[in-house]
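Heads up, the thing below is written out as structure tokens.
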Amino acid sequence: ELKVEQNPLFLSMQEGKNYTIYCNYSTTSDRLYWYRQDPGKSLESLFVLLSNGAVKQEGRLMASLDTKARLSTLHITAAVHDLSATYFCAVDRLFSGGGADGLTFGKGTHLIIQP
Amino acid sequence: DSGVTQTPKHLITATGQRVTLRCSPRSGDLSVYWYQQSLDQGLQFLIQYYNGEERAKGNILERFSAQQFPDLHSELNLSSLELGDSALYFCASSVTVGRSGANVLTFGAGSRLTVL
């Protein structure tokens with residue numbers, strides 16, 4: 001069974017601090033996705049990591065992928081209140097006959113950034 | 001606006017009843033996915049349709065069914081509702097590119113179902 005595990009699941013941090021969210025997965029897929037969800041809202045795509053060693057950055061968020069370790073990280077630099085949200089990582093659902101369709105999500109990391 | 005339209009946004013009903021949730025995918029997307037989000041189970045994949053045909057099934061209960069119509073909109077039918085079915089139901093769509101491309105899903109705003 002495909003597993004996608006995020007940690008921590010809850011994180012409260014102060015503005016200006018740095019922190020990292022970890023995402024471990026059990027599939028052999030070499031692609032990983034990060035999404036953001038604001039309370040009561042939909043999921044918004046943040047990053048798509050397509051290969052081993054991929055690094056993507058936008059603003060204070062940086063995501064990386066290590067397919068050998070089956071690990072992705074989402075690093076937050078100098079956090080600001082507007083980054084408070086739930087962050088999900090996801091991997092491709094792989095079919096036994098090859099190909100991928102849809103995503104399997106981790107449980108999400110609920111991030112609160114306090115002034 | 002993501003381009004994926006879901007209706008209704010909110011729905012309150014009683015146990016034992018049946019409801020239908022509707023989804024219009026983003027223009028050009030052939031795949032539609034249904035997910036259920038609840039506090040205890042997280043984001044659970046229910047079912048996927050591609051160009052009118054069922055493509056994959058996840059943790060979908062037998063009381064639930066779905067279909068995708070020729071115009072590519074999709075409906076999720078939930079019957080014999082129980083209290084535990086209360087959740088946020090998301091529809092997402094994508095351009096399925098098979099093995100080679102990324103599989104970015106675009107989500108709708110969701111339908112919040114409350115079963116009393």
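Naming convention: chains lettered A, B, ... in sequence-line order (proteins, then strands); numbering from 1 in each chain.
When only modelled atom types and interatomic distance are considered, Thr109(A) and Gln6(A) share a side-chain donor-acceptor pair under 3.5 Å. In this structure, a donor-acceptor pair under 3.5 Å is absent between the side chains of His73(B) and Ser24(B). A donor-acceptor pair shorter than 3.5 Å can be found between the side chains of Ser94(B) and Tyr33(B).
Contacts with chain A were tallied for Ala92(B), Ser2(B), Gly108(B); Gly108(B) has the most, counting heavy-atom pairs under 4.5 Å.
With a 4.5 angstrom heavy-atom cutoff, Gln41(B) touches chain A only via backbone atoms. With a 4.5 Å cut-off on non-hydrogen atoms, Lys41(A) touches chain B through its backbone but not through its side chain. In this structure, chain B has no heavy atom under 4.5 Å from any part of Glu44(A).
When all heavy atoms are compared, the tightest approach of Ser74(B) to Trp34(B) is OG-NE1, 2.9 Å.
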